[in-house]
Amino acid sequence: MTLRAGVVAVQGDVSEHAEAVRRAGEAHGRETEVVEIRDAGVVPDCDFLLLPGGESTTISRLLHDEGIAEEIVAHVEAGKPVLATCAGLIVASTDAGDDRVATLDLVDATVERNAFGRQKDSFEAPIEVAGLDEPFPAVFIRAPVIGDVGEGVEVLAEWDGRPVAIRDGPVVATSFHPELTPDSRMHGLSLFETDALAGEATPE
Ligand code: GLN
């Protein structure tokens, strides 16, 4: 069965996620079709979703205006995987500390926008991620810091003593940008190595 990955494309780094999910699919022997989501009605046919980085105020406003927000919430309630990165994490959080961001409450975590500090506006660091054998090259760009996380949230990675990758049920959210490196293991971990696909036979 071909899997359908939906990249939320109202704003942000869409093509990089599309490429990364294709590479992760190949690495898992799964044919993956990628669709871009700009309107309501597409999300219900997707097996998994990507919420890219970009500008969280703009992304959250457009998702609500277009009626896509409630479809994403229903996708998560159905237990289907989501990878949310950077601004995507901010949109997926319960509270971004900013009234201009209408969060979707997909992960039980608060965030602080642009909180890694000016000198660290943009940097790359190898980080240990639970479930990956080798460190992952994490690219941080004006990255949000994750604050309080709920009891059901698993911290997958930390940087500087703070969580930078978390899993809450079917949703993995990262402060950094896994789509900006050739390494597709975060996409593999969050979308293909999940309970949602575990029951399915892998095609030869
Ligand atoms: N600073 C952006 C925001 O707050 C996020 C940055 C990013 O996605 N690279 O929305």
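Whatever order the structure lists ligands and atoms in, that order sets their numbers, starting from 1. Note that the structure is predicted; figures quoted are calculated from it, not measured.
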Donor + acceptor pair across side chains of R113, S56 (<3.5 Å)
yes
Have T181 and D183 got a donor and an acceptor in their side chains that come within less than 3.5 Å?
no
Verdict with reasoning, V21 to S184, per side-chain contact (heavy atoms from CB on, under 4.5 Å):
CA-CA 7 Å; V21 76; S184 65; over 6 Å; no
Side chains of H28 and E193, donor plus acceptor under 3.5 Å:
yes
In residues 1-14, what donor-acceptor pairs under 3.5 Å come from side-chain atoms, sequence neighbours left out?
| from | atom 1 | to | atom 2 | distance (Å) |
| --- | --- | --- | --- | --- |
| R4 | NE | E33 | OE1 | 3.3 |
| Q11 | OE1 | E55 | N | 2.9 |
| D13 | OD1 | G53 | N | 3.0 |
| D13 | OD2 | H177 | ND1 | 3.3 |

Charged N to carboxylate O under 4.0 angstrom, R22 versus E19?
yes
Within the 4.0 Å heavy-atom cut-off around ligand 1, the contacting residues, ordered by chain and number, are G53, G54, E55, S56, C86, A87, I90, R113, N114, I141, R142, H177
